[in-house]
Amino acid sequence: MSISSKLDILNPAQREAVCAPAGNLLVLAGAGSGKTRVLVHRIAWLVAEQGVSPLQILAVTFTNKAAAEMRSRLELLLGRRSHGMWVGTFHGLSHKLMRLHWAECGLQENFQVIDSDDQYQLIRRIFKEQNLNEDRWDPRQAQGFINRKKDEGLRAAQLSHPGDIYEETMAQIYRRYEEYCQQNVLVDFAELLLGSHELLSKNAELALHYQTRFKHSLVDEFQDTNTIQYQWLKQLTNSAESMTVVGDDDQSIYGWRGAKIENIHRFQKDYQNTSVVRLEQNYRSTSTILKAANALIMNNDGRMGKTLWTEGEAGEPINVYCAFSEEDEALYVVRQAKKWLEQGGVFSELAVLYRSNAQSRVLEEALVRAGIPYVIYGGLRFFERAEIKDALSYLRLMVNCHDNMAFERIVNVPPRGIGDKTFEKIKVLASQQELSLWDATLVALKDKMLTSRAAISLEAFMALIIRLREISEQGSLADSVEAAVQESGLIQYFRDQFNERALTRAENLEELINASSDFASDLTEEWAEALGPTTPLLAFLSHACLEAGDRRSGDEQSSVQLMTLHSAKGLEFPSVFICGLEEGLFPHHSAKDSLTALEEERRLCYVGITRAMKELHLCYAEKRRLFGREEMRRPSKFLEEVPAHLIKDVSSRVKTSRAYPYYDDWSTSTAAEIATKELQNGYYLGQRVVHAKFGEGTVLDFEGQGERARIHVHFDGAGSKWLVLELAKLESA
DNA sequence: TTTTAGACCATTTTT
DNA sequence: TGGTCTAAAA
């Protein structure tokens, strides 16, 4: 197989990186400079031209998305599946190591991965158990503390701060947390890295095995690595012939999460004779956009240095819109979106970026009014939803009935008459006799310590779990999931409730069954390779934690894309709006006292600007409602840092004018039309109505459709009530 | 067990 | 302002 013809499409710098001789290589890849292409081609080059076996390759990314893209592009390039190659995320590969060597990790074969929400809940449980006052000590802080320490490679036992009450308390919580995880065979995200790192540092032989295996390693987004990830890599690549890291110090926006840009500098010190290649030719944006980005980022100190350029044309100037208010800013976006459509564009080519999620609301409202479809990134992902986690807890108990977390979560979900009192007795018994909740329940039942009603319920619950376990031993993965969802009564519980939310939940549970069946059929072949030896059920549970699903919500095909600047990283759009470019908002006020923080904000802005291919709109408002208060705003300093000659002021008004003129574009959605949109089932918000029994009142809210529709009315005499619309027989007052 | 009222607080987020 | 969380009330 020849790859050389495929190298022709590379530019000189890309080719230099792809074909660099074995050794250590640092690729500084600017935004839109084809870094994934370089990474993929380098692997292909190693395999096809240098005769490197896929088994010798380790390729690490941060996100599942990046890993999947790398894998599929590699397949395309090599014309075959890359069997035996380790391509995955830091966490995914760590997980694989731990599954393969669970015993050496001091775990059991059926260990389970927990996500950050599980971790948080667990820490709160520890707070209760230790009688820690949540007003004084914040569980979130403790969670941050534990993860930070783990990311630094530190165990609770290694911490000591005599006299410092804060550190002491946190360390104590950490210790208890470790204990709990060990007892319940739970592994959190940070633990995957730390645990697999320790696995290798404690087993010289094993370490040597992997070190001699992975002759060629490649790492994506290197600027985002934290301390433990760096050590982890160093350990695995100890005797590698080539180590290729790709990154961009200018796009480091996760410092607050423990990412260390310094790792780029450290790499050059730790890995001798590192050659550096800069990818500066950009294939994404117009030169105007690139000039703006370059000028902005020049204001940061201590950069590795890079200047983006393009062979493409200058394109349009950058639009700067000074809005009167945040509503006006949103209307600008609406106007431009309509214009884009008129000129033959598609909504999905537009991205609206903002610093914080709270900003999306006003934008959404304006888009809804204008009838423009949009998709918003953010919110809960599929596997993070409460009902899904409930169902997964049943599965977890099927795998390991001593999983106390899962036990506690679902023992009374759906409600089966096992209340706090009963459960408290079991918890006390469990801690006294050092039993799992499961075993403690057995003892409590045997010794008749419970009321008969509770005993019956608990017996039924345990019988259910045992029955489910039997089903899972005989049937397929989808059978197990379906049984867990059906037999537990979980889905029926939601179906019995007549409101939209419960219905959605029931639908989600059905979707979970589908997901498990897809997972089983799609991945059967890949399991062994991706995860090592494990059961389908365990694999599915881990998958649910490690790849919690898409963050997007909304299902329109051609929709405007709304997201934070952080989530825009790695994406590109023909036209980009950056909203809320105001001091205190972007850069965020929390960055005002720290130069490092300010520089990270600037990099975030740089990331935003470099998402744009053809058009860029920078928006800010003179006045914005923040926390219910109206405030006058100052434009962001980042706006001044963009050279004036690249900018076109598109503000539609004279400084002194008032709101009225901006509502030109509302001509299509007049007051009457807005009112109609808010009219539901013949009623509208704020309407005065009369009820035969409760008298006069005001309509506050609606819920549901058709027969299930309910209306929330505040009655002057009788207070506020939810009424079933069909039965209420309301009349207009 | 579920609903509701009041307190509190307010970047960014992947795994 | 509004979303989330907890404690109290129905």
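Labels below follow one simple rule: chain letters A, B, ... track the order of the sequence lines, proteins then strands, and each chain is numbered from 1. If you're wondering where the values come from, they're calculated on a predicted model, not measured in any experiment. What's counted below: heavy atoms across the whole structure, side chains too, no hydrogens, waters or symmetry copies.
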- request: May I ask you to decide whether A:Asp118 forms a salt bridge with A:Arg396, counting only side-chain N to carboxylate O separations under 4.0 Å?
  value: yes

query: Among the nucleotides B:dT11, C:dG2, B:dT15, which one has an atom lying closest to any side-chain atom of A:Arg361?
result: C:dG2

message: Over all strands shown, is A:Phe627 touching base, sugar-phosphate only, or nothing at heavy-atom distances under 4.0 angstrom?
response: base

field: G-U wobble or Watson-Crick pairing nucleotide for C:dG2 (cut-off 3.5 Å, both distances)
entry: B:dC9

query: Counting only side-chain N and O atoms of A:Asn226, is one of them less than 4.0 Å from OP1 or OP2 of B:dT14?
result: no

- request: Describe the nucleic acid contact of A:Tyr120 in one word from base, sugar-phosphate, nothing, applying a heavy-atom distance below 4.0 Å.
  value: nothing

message: Determine whether a donor-acceptor pair (one donor, one acceptor, N or O, separation below 3.5 Å) exists between the side chain of A:Ser590 and the base of B:dT11.
response: yes

task: Tell whether A:Ser116 reaches the base of B:dT15 with its side chain through a donor-acceptor pair below 3.5 angstrom.
output: yes

- request: Between A:Tyr254 and A:Ile418, just flag the one whose closest nucleotide in DNA chain B comes earlier from the 5' side.
  value: A:Ile418

message: Can you measure A:Asp151 atom CG to B:dT13 atom P for me and round it to whole angstrom units?
response: 18 Å

message: Tell me whether A:Gln130 at atom CD has more than 12 heavy atoms from other residues, nucleotides or ligands lying less than 6.0 Å away.
response: yes

- request: May I ask you to say what A:Glu601 touches in the nucleic acid, namely base, sugar-phosphate or nothing, with a heavy-atom cut-off under 4.0 Å?
  value: base

A:Met405 vs A:Asn184, side chain to side chain contact (heavy atoms under 4.5 Å, CB included): CA-CA, chis, key distance, verdict: CA-CA 8 Å; A:Met405 256 193 109; A:Asn184 293 275; over 6 Å; no

